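Residue numbers start from 1 in every chain, and the chains themselves are labelled A, B, ... in the order their sequence lines are given, proteins ahead of strands. Since this is a predicted model, take the numbers as computed values, not measurements.
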Amino acid sequence: MTGLDLETFLRIDLPGGLSAMLACLACGVLGNFLVLRKQSLMGDALSHAVLPGLVAGFLVSGSRSTGPMMLGAIAAALLATVLIQAARRLARLESGAAMGVVFSILFALGLVMLEQSHARDVDLDVDCVLSGQLETILWLAASGWGSLADPAALAELPRQLVALAGMNLAVALFVAIFWRALKLTSFDPDFATALGFRAHRFELVLMLLIAAACVAAFEAVGSILVIAMLICPAATARLLTDRYGVQMALAAGISAATG
Amino acid sequence: MGAHDAAEIPEALGSFLAALSLGLGFNATVVVIGTTLLGLAAGAVGAFMLLRKRALMSDALSHATLPGVALAFLLGVALETDPRALPLLLAGATATSVLGVLAVQGITRASRIREDAAIGIVLSVFFGFGVVLLSYIQALPQGGQAGLKTFILGQTAAMRVPDAELIGAVALCALLVCALLYHPFRLVCFDADYGRVVGLPVTLVDLALMGLIVVVTVIGLKAVGLIMVVALVIVPAAAARFWTERMARFVPLSALFGGVAGWIGAARSASLPRLPAGAVIVLVAGVVFVLSFLFAPARGVLADAWRRLRLRLVTVRDHFLRAAFEQLEAAGTGAAGSFALADIAEDRGWSARHAGWIARWMAARGFAAHLPDGRMHLTPTGREAAQRVTRAHRLWEQLLLVQGAGRIGQAHRSADLVEHVLSPAMVAALEAELAARGATAQPMPPAPERSRQP
Amino acid sequence: MGGDRGFAALRRRALLLGLAGGLGLLAGGPSALAQPRAQAQGARRPRVLATVAMIGDVAREIAGNRVEIATMMGEGVDPHLYRPTRSDIVRMLGSDIVFYNGLLLEGKLTDALVRAARAGRRVVPVTERLPAEILLKPAEPGGEGEQIWDPHVWMDPRLWSRVAAVIADTLAEADPPGREEYARGLADIQARIAALDAYAERALASIPDRQRVLITAHDAFHYFARRYGLRVEGIQGLSTESEAGVRRIEDLVALLVERRIPAVFVESSVPERNVRALVDGAAARGHRVAIGGTLFSDAMGAPGSYEGTYIGMIDHNVTAITRALGGQAPERGANARLAARATP
Amino acid sequence: MTPRDTSAPPVELAAARETAALPALAVRHLTVAYHESPVLWDVSWTTPAAGLIAIVGPNGAGKSTLIRASLGLVPKVSGQALFFGQPLSAVRARVGYLPQRSSVDWDFPASALDVVCMGRYRLHGWIGPLGRRHREAARAALAEVGMADYADRQIGQLSGGQQQRVFLARALAQDADLYLMDEPFAGVDAATERTIIEVLRILARAGKAVVAVHHDLATAPDYFDHVLILNGRLVGAGPMDSVFTPENLQRAYGGRLALLDQAIEAAARAAAGRRDAQA
């Protein structure tokens, strides 16, 4: 049954493996900042907090297609991020508690929306939207190595893969442009503020990027993998090194290898 | 959101009140009692977890139950007993969540990974392992248990009498343990190192605390579901934190909030159609949180903002009065003389607009008044206040100088900071202090020499 | 909810990638690939894959031994939550025909199925050729955009009989020499379904009017209820995240007591806790309610048993419901083949 | 461990116990490492039974580590610490501790009195509410450091010096015979520093031993009777006059500090003062 022939590889394993690798790469890099900021559980918090967005996306569009629901999910993730930052800053809550408060309330809100609307009678499978599965990322247009150079076949590449690649590009750009700022704000936000750098605002932007990346990765590879990938590579790297740059590189390497 | 007509509302209110007073139906009563007790226990334990900075522990634990459930199922299959037997599944769930706790402890103790990351690692690895097991079970002939994951997840509304009894027993025990071990728990949360030095078995106490959270999580998971138990552990504690700076009040308040959320939420769900009980309870807890966040007098944002605003107003008022007093003093015109607002603005470094605003406010408060020639003067009340403020300021300066706190400028700045919080009693104490140090407290001490830099 | 994600898959994938020499160097490929290709052109039987057993069983009845039929999801599996494994996908790509229910029953798999269909494979959603008028919509219609239908079509035997025709047509199209055999098979299964339907109508009609209420954990029985004139009350909605309210439980208890309904039902793929709460609630009001047995909603019984066939599954449901709600039906069902379950 | 360092023959020990008090803290061959780089290397040191004892040394010399390792708060690589001739577990009630302020969560919902009450737990027992006697003792300790008026303030609302005094009060409330203090003077103002040293002197006069990590070389000879100079290794230990010498300080600090001259001057002044007092 598990014929390891070229076509199967190209159609099933390559897109899936590539998606996993890309997701892990983005998550591994971004996870560093979460671990450094003691917000490791952001991935988990987001995976719960997107529910109201999914339901709202469904209610607004009236369709079960993934697009609007993903938009809703991203909106909810961004909202959750803003609320978590607000809870930390204004309510002086420790970040774990802030995430717990925000995601549980948002999730409950989503549930009530689901029940109160007609969505409850629809077989709206939240897991489905959130739990992208590698196996279902297929590139059926592939027929051989030649397909890798064939524009028509390439156009048929799975959407999730393309989205992930885009996300990786965005992450890479962001990290490259703001390398020094990231370093400074991760290490000593107060000092950064003293230098006139808007650390809080920058942090918010960073967290929003992470939220968007998480949701994209949820769709492709599923939330549990995202949660793991956000923490494990960075934590492993943390054990191996004390140098910031080395940590980033290591985390990326580890996550790509895992993928 | 409401899909009910106007006619339904009085009826809903009636049944809401009935449910609150346990007078609705059998199921509603069981659910209300069960969730209230669970809320009490989770709130109390959650208070300690919040202070121990392990708020998300319950989240990790509830995920860590999955492999336990799957393993218990496989064990049931292997032993050819009923693999869906609840005690078996719950035992498995408890076993792996205990393992999860120990893993978190172990990881943080043995490596440089911080607690939050350790919780995340345990959460994802355990849950991931559980998922692997589930997909294995999915392929088993006896398996066919896609619902296994939801098997131990309770539905709040479907709570039964044995569930409620179990919750009651656990809640009682948890509250008792919290009361008995209040001091050790507090010490471990506050300063575990110190506890270790004075001989507290910190690891043991920590494990007791973790044991409580495991029990509450597993029981809650079974009775009311995953998110609700996480929420009940975190949200009431976070809400209670706004109300008090005293631990002895914080813990009971957190328990109370949890209980109230369970009580009102369940009653609400019983009175209106299509309100899932678990979610409504979390939302009630959320409302309590938001109200606390905004309105709590101790740490709420509004109270905070109000305090800051008041301090600022008092500061501005005192600065104005003292500047006016000093202007008059310097001009030698006596307290009844007049002064120019511009001089005060320059003295204090205020912009003209800001100064104008302050002057209008001072006039409105009756401290000062504008004269026809554009200058200002102090009203009798203003004079008295200005004198009081200036005297307090100078007394403090004097004390600092007598104590040798450093250069005059420094003394002046610190006096600036402190004069706004000097009560008459403190002024009296200052006088006494100065007298004790051999300095006389004159009715109005002279302004110390200082370079008048802007 | 965090959800079960592709950990296993990832593991396997990682292993495979490793075997394949990292990113793309496929070392041992050619030798492995020869096998299935060689067979493909031979005189072998067409390979058919059905996602759910209800489809697979009917297809087997129609085609007999002419085709090789496999079912992706096993006994007791909730198709909404099924997580395809890599071998499922390989099998899907290796099949000549893939039948799936459609109407989004297959959850996450749907996406892959639609993609495969677009890539020109014979992947057939069996229910989607049914006219829209006879499909059920959920209580409140969704907004504009895509239509949303209740996918549990097999609960109405007459509709499933039409689905059987779709299956037979597809088979005949793909394998013209077997046309006659498929037609025979179809006639046979349609006759048996019609007989079952007649039995069900007779049996369920014997339930006293007041008690014609089917209360069960979740809403999978709308087609069934429509066909046989029952009222169906689910405790919770269809969505996997759906959760019942206390009010709902109280209302259902009131209904049970008021109508003296003797039984409520458990479903094979949904935990029974909700249903037990109803029994307790009614008991507290002095009305004894029995658990009327386990119904098959999204999945069938064990393969090889009578309940493991489509006919047996519906027979079981009909018989259990009829007997529990106070109607007249033989203990072992229409064909006297049901396992003698202790119905209270 | 060489035979010389192990305890004296039993007869002599018993005699010692009768005649003179046992050393409050005796550290034997203590070695501590963080992540494989040693912080303390083979330190052996015995404090007197009573008096004010300073631990000085440059940053990273292992001053805090010495205290924390003695108390078992950081793992030792080798060596042992005896309190009054016994392991800590046997005499915990006789050992008080003042941690570094930075290790505390200032947002914790505890009042000054709550914190001081923690010092009484050992005497009270772990379970149940704290009795009136212990509350009174805690209040008395607060009063001793001049913080009686702040008993009900949340600790985060106190100034740095006030916080330090509260923690000193907590150590006092322990009613111990030996106090280990990790930088009691760090970040406090002059007035608080004076209050603290007065309290410490009262303790010393009452026959207790106070071991404090101290940073300010200029005040050290003035405040303390004994000194331990550390630089990863033991540089010198003993009475202030004989150990706090230019040579030892040079060895510890490597002669880098202009402060050294000041410190040496101060030492000379203090020594002169002490001689006058004796005369």
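The heavy-atom pair separating C:A277 from B:A158 by the smallest distance is CB-O, 3.5 Å. Counting all heavy atoms, side chain and backbone alike, B:A277 lies closest to C:V246 at CB-CG2, 3.6 Å.
Surrounding CZ of C:R285 are more than 12 heavy atoms belonging to other residues, nucleotides or ligands, all under 6.0 Å away.
Under a 3.5 Å cut-off, the side chain of C:R247 and the backbone N or O of B:S271 do form a donor-acceptor pair.
Your options are B:A28, B:A279, B:A270, and the one with the most heavy-atom pairs under 4.5 Å with chain C is B:A270.
Residues B:R160 and C:R276 have side chains in contact (heavy-atom distance under 4.5 Å, counting atoms from C-beta outward).
Separation of atoms CE (B:M159) and CG (C:D280) is listed at 12.5 Å; rounding is to 0.5 Å.
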